[in-house]
There are 2 protein chains.
Amino acid sequence: MFSKACQYAIRATVLIAMEGRNGRRMSLVDIAQSTGSPPAFTAKVLQQLARAGILDSTKGPNGGFDLTPAKARKVKLSMVVKAIDGDDVYKGCGMGLPQCNAKKPCPLHDHFQQVRDDLRRMLEGTDMHTLSLGLDAGTTYLKR
Amino acid sequence: MFSKACQYAIRATVLIAMEGRNGRRMSLVDIAQSTGSPPAFTAKVLQQLARAGILDSTKGPNGGFDLTPAKARKVKLSMVVKAIDGDDVYKGCGMGLPQCNAKKPCPLHDHFQQVRDDLRRMLEGTDMHTLSLGLDAGTTYLKR
DNA sequence: TCTAATTCGGATAAAACTATCCTAAATTTG
DNA sequence: CAAATTTAGGATAGTTTTATCCGAATTAGA
Ligand code: FES
Ligand code: FES
């Protein structure tokens, strides 16, 4: 469904949002540690998110990545997915035709569109702040 | 969502199912032509499907790939997807944790599970015969 | 039986994705 | 100002996916 890069991006952003609720910033190594993702590769992913304006980064001692609760409420899952994988997964044709087009639909169109639009609504309606709530409550986990 | 190989597989299988309704077989080059997919690569994909028992192949003159209407009704989309991409897309964790596990869920679990299960139900409930019906009716298309 | 058509399988190559490493730049702290 | 910390960015590898090519095997038909 999502690429590894995108899954790392989601895990990291949710974690940073949780830490942001305590007014803290997180360093790359802590993020990689807590999400069980490869540090160097995760660095690239976080840089993409920072460039996309999805999270803020600070260099130097006590630097790292952060996301204020106010901003975390505005950052939807769809924005993270789009920044890393593009929006094809929740907007494209399921059978790979150049564009989904109801006027000239693929055989799967009617069946697929429903599921895909549910996915799109879910991604566009879910924000990072919400996803981060279960983490320190101990009801959800970022790695196993 | 699905890999290119899997999209080619779906397009090809639907087409073969349509031709099967007329009791005909289709050759690789005709399939590649009608679905707009690269012939050599499509060959590999079709071989996988044949090995998986999803469609039948015949060598020699007038050979090709075929799928009887009776069998096309039994071949679900999920079988094609699983044969090419595996079942992770409709069974795995959205954030990439090793397994989706409701006892130790990722932050996305509740949101994602619904969409993913809708996808699974759609894939498991849609058969190739049904998908092929619109093709010769001219209401659906395999390429643009 | 010979030939042509066609899939099968292996080898190979190109592109994309995943991953690592190293140096530069920025920032805090002493 | 110097040193330490931390992200940024470029270079480079390894792996997987996508794609092509070619010869072998099989089969229909002349
Ligand atoms: S045309 Fe294929 S999903 Fe709409
Ligand atoms: S644990 Fe992640 S989707 Fe179920």
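Computed from a predicted structure; not experimentally measured. In what follows, every chain begins at residue 1, and chains take the letters A, B, ... in the order their sequences are listed.
Straight-line distance from the CG atom of Leu55(B) to the C1' atom of dT7(C): 12 Å, rounded to whole Å. For Gln47(B) and dC21(D), the CD to P distance is 16 Å, given to the nearest whole Å. Between the CD atom of Gln48(B) and the P atom of dT18(D) there is a distance of 11 Å, given to the nearest Å. If you take CG of Leu67(A) and C1' of dT7(D), they are 17 Å apart, rounded to a whole angstrom. Between the C1' atom of dC8(C) and the CG atom of Leu49(B) lies a distance of 14 Å, rounded to the nearest Å. Atom CG in Leu46(B) sits roughly 9 Å away from atom P in dT7(C) (whole-Å rounding).
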(message) Within the 4.0 Å limit for protein heavy atoms, which parts of nucleotides 11-30 of chain C are touched? Write it as a string from 5' to 3', B for base, S for sugar-phosphate only, - for none.
(response) B------BBB-----BBB--
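Arg25(A) has no carboxylate O lying under 4.0 Å from a charged side-chain N of Asp56(A), or vice versa, which leaves the two without a salt bridge. Here Asp87(B) does not pair with Arg120(B) in a salt bridge; the nearest charged N to carboxylate O distance is not below 4.0 Å. Ion pairing of Arg24(B) with Glu19(B) is present here, as a side-chain N (NZ or NE/NH1/NH2) and a carboxylate O approach within less than 4.0 Å.
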(message) Between Phe2(A) and Gln7(A), does the side chain to side chain contact (heavy atoms under 4.5 Å, CB included) criterion hold? Intermediate values first, please.
(response) CA-CA 6 Å; Phe2(A) 307 123; Gln7(A) 294 174 335; 4.2 Å; yes
(message) Checking Leu131(A) against Leu77(A) for the side chain to side chain contact (heavy atoms under 4.5 Å, CB included) test, could you report, in this order, the C-alpha distance in whole Å, the side-chain angles of both residues, the deciding distance, and whether it holds?
(response) CA-CA 9 Å; Leu131(A) 287 178; Leu77(A) 254 180; 3.9 Å; yes
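For the pair Arg51(A) and dG9(D), the criterion of a side-chain N or O lying under 4.0 Å from OP1 or OP2 is met.
For the side-chain contact (heavy atoms from CB on, under 4.5 Å) test with Met79(A), the passing option among Ile54(A), Thr13(A), Asp127(A), Leu49(A) is Ile54(A); the others fail.
Across all strands, Leu28(B) comes closer than 4.0 Å only to sugar-phosphate atoms, never to a base (heavy-atom distances).
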